[in-house]
Structure formats: structure tokens, C-alpha cells
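Right, one structure below, let's go through it.
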Amino acid sequence: MCGRFSLKASEVKKIAERFAAKPGQGFSCELKPRYNIAPSQQVLVVKSDGTNRELVQMKWGLIPHWAKAPAIGNRLINARAETLNDKPAYRDPFNLRRCLVPCDTFYEWKALGSGRQPVAFSLADDALFALAALWDAWINPETRERVESVVLITTAPNELVSTVHNRMPVILQPNDEELWLTGAPSAAANLLKPYPGEMKAKEVSQRLNSAAYDGPDLLLPPTSDLPLFGNTSPRP
DNA sequence: CCAGACGTTGTT
DNA sequence: GTCTGG
DNA sequence: CCAGACGTTGTT
DNA sequence: GTCTGG
């Protein structure tokens, strides 16, 4: 699964260049570095019309175009690669609206005897990478407001991630990003595999657990945590 | 036919 | 237990 | 993902 | 919207 990630890169120009995308309306030059991006929040997305790529923001948690209420998006934060075509919520987005989500670290929680320990995963060279994702647009029937939203695709873990969890997000290799965006669905489906490249992992602070918290000290080892944080110490 | 779901994960 | 909100 | 809340009434 | 279950 992938329920949190980070995007520490803050220069829109650099992110846009990396993904050959034109920033959409409403972007400033500098973004706040994000260490703890959680479901329901706005995330950066690269989408393509077949020719041009655009960098936009969308809400994490897919709201299908047919949804009566947006609350369904709270649950559609990950889509299993194995069953994309069987799920009404994902079939159209997979065929028509694939996208990239720029990311530099994703987090998985390791089950412990008591509690869960968050672990940060990044590429060996700390490079920015693309998560495979789908998007949809929903019109709020009351306000007529258009809401674009996104879901991240998960697959089996590679060797490193399997030490922590039984799922991981699909990371696309740079050479596959264009195929994911504009290729035939059957070809795009072939890209939904565990990431084969070099990655690294490290345990991080349980301050990550609170979606309201977003600072660089999240990346410190868990031993730096104050007893107040986390749920590993039983109450007397 | 209509009604109801539409999703993933880990489990105190 | 199950849902919503971040 | 985790944290935190967890209700009722009558109405189209 | 589209599929499954009754």
C-alpha cells in the first residue's frame, strides 16, 4: 500500500523540467517542501492530452465521475494493479486518464509486536520519480465545482520493500513514463510491476503518523521520538 | 427488471 | 467496529 | 496511511 | 456510468 509520501523538491520549474510538463494555472515558483503528504490532500500530478504534458494539482482519493458524494474518495486512495480492469471505479480512468505523481519518498508501516513503525523508501540516488496513478473529474452537483482527484496504483513489493510490507506503489522508470501516459492500455498494463532498481530504506519518526505534522524532522530515526508520540508505550 | 455497490489494508 | 478528515 | 469521532429530528 | 446480486 502507499498511504503517505513526500515531495521535498520545491522548485516548480525543476519538477516541470524533469517531467517535461508545463505548469498549469495557479502555480507559484516555489512550493513548500512536503515531507508528509496524506490522502485527501492536494498532490502534484502530471497528465497528458496525448501531445502535451501539464503539471496540475489534484485531491488524493479518487472521486469517480458518477459519484453522488465525494466521501467515496476517502477510501479510493490505492488501486490494486492486478484488478484495475475489474473495478468500475478504475476501468475508465485506466483506459483514458492515466497520470504520473512526482515523488521522492514513500512510506510503509512495518507491523511490530506492538504498534507499527514507519519506514521511508527512496531511490538509491535520491532521484525524483513517478508513481503510476489514475485520475478522474467529478462535478459537485450542488456547487457545480469541478474536482479532479487521483489514485495511486499498488503492486507486489520488490525484495527490499517486502521486508516491511506486502504491497508497494508502482514506480515507473523514466523511459516508461510516456508509455504509461499515452500508450495503449494493454501496453501500459505491462508496466505495473515491482520496481526493479536500487532503493534504500530507513526507519523514521512516528511523528509521521499525524497527518497534520509536516516537517523535516519526520525523517529522523524513531529513537529521536519523545514518549508523547507514537503508540508503542503502553499507558501505566 | 430494480437496488445497491463501486476500495484497500491490516487487525485491537 | 467503521467511518471521516487530514 | 493514521487519528479521532462515533448524534437526532423531520423533510423532498 | 456500469456491473453484480436478488
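Below, chains carry the letters A, B, ... as their sequence lines are ordered, and counting in each starts from 1.
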Requested in this report: Calculate the interatomic distance between A:E142 atom CD and D:dT12 atom C1'; express it in whole Å.
Outcome: 14 Å

Query raised in the report: Which part of the nucleic acid, if any, lies within contact of A:D86, taking any heavy atom under 4.0 Å across all strands shown: a base, the sugar-phosphate backbone alone, or nothing?
Result: nothing

**Report entry** Dot-bracket notation for DNA chain D, counting Watson-Crick and G-U pairs under 3.5 Å, with | for partners on another strand
**Finding:** ||||||......

Query raised in the report: Does a sphere of radius 6.0 Å around NZ in A:K193 hold more than 12 heavy atoms from other residues, nucleotides or ligands, not counting ones at 6.0 Å or beyond?
Result: no

Report task. Taking the side chain as every heavy atom from C-beta outward, state whether A:P174 and A:R18 have any pair of such atoms under 4.5 Å apart. Result -> yes

Report task. Using a heavy-atom cut-off of under 4.0 Å over every strand shown, decide if A:Y107 touches base, sugar-phosphate, or nothing. Result -> nothing

Report task. Pick the C1' atom in D:dC6 and in B:dC6, then give their distance to the nearest Å. Result -> 25 Å

Query raised in the report: Once each nucleotide of nucleotides 1-6 of chain C is scored for protein heavy atoms under 4.0 Å, what B/S/- sequence comes out, 5' to 3'?
Result: ---SBB

Requested in this report: Please step through side chain to side chain contact (heavy atoms under 4.5 Å, CB included) for the pair A:L219 and A:K8, ending with a clear verdict.
Outcome: CA-CA 11 Å; A:L219 296 170; A:K8 300 187 280 284; 4.1 Å; yes

Requested in this report: Let me know which of A:D92, A:D49, A:D136 forms a salt bridge (Lys or Arg N to Asp or Glu O under 4.0 Å) with A:R97.
Outcome: A:D136

Query raised in the report: Picking from A:D104, A:D126, A:D125, what satisfies salt bridge (Lys or Arg N to Asp or Glu O under 4.0 Å) with A:K200?
Result: A:D126

Requested in this report: For D:dA5 and B:dG4, measure between their P atoms and round to the nearest Å.
Outcome: 32 Å

Query raised in the report: Around A:E30, counting heavy atoms of other residues, nucleotides and ligands shown, do more than 12 lie under 6.0 Å from its CD?
Result: yes

Query raised in the report: Under the 6.0 Å and 45° cation-pi test, does A:R98 pair with A:F94?
Result: yes

Query - Pairwise C1' distance for B:dT8 and D:dG7, with rounding to whole Å - result: 28 Å

Query raised in the report: Under the 3.5 angstrom rule, does the side chain of A:N36 hit a backbone N or O of A:S210 as a donor-acceptor pair?
Result: yes

Query raised in the report: Side-chain contact, heavy-atom cut-off 4.5 Å: A:V151 with A:I77?
Result: no

Report task. Rounded to the nearest angstrom, tell me the gap between atom CE in A:M168 and atom P in B:dT9. Result -> 13 Å

Query - D:dC2 to B:dT9 separation - C1' atoms, rounded to the nearest Å - result: 12 Å

Report task. Ignoring backbone atoms, establish whether A:R116 has a side-chain N or O less than 4.0 Å from OP1 or OP2 of B:dT9. Result -> no

I'd like a list of close polar pairs between nucleotides 4-7 of chain D and the protein, N/O only, cut-off under 3.5 Å.
none

Query - Distance, nearest 0.5 Å, that separates CG of A:D217 from OH of A:Y35 - result: 9.0 Å

**Report entry** A:F106 CZ - D:dC1 C1' separation (whole Å)
**Finding:** 13 Å

Query raised in the report: Just wondering, more than 12 heavy atoms not from A:E17 lying within 6.0 Å of its CD?
Result: yes

Query raised in the report: Using a cut-off of less than 4.0 Å, is there contact between a side-chain N or O of A:R167 and OP1 or OP2 of D:dC1?
Result: no

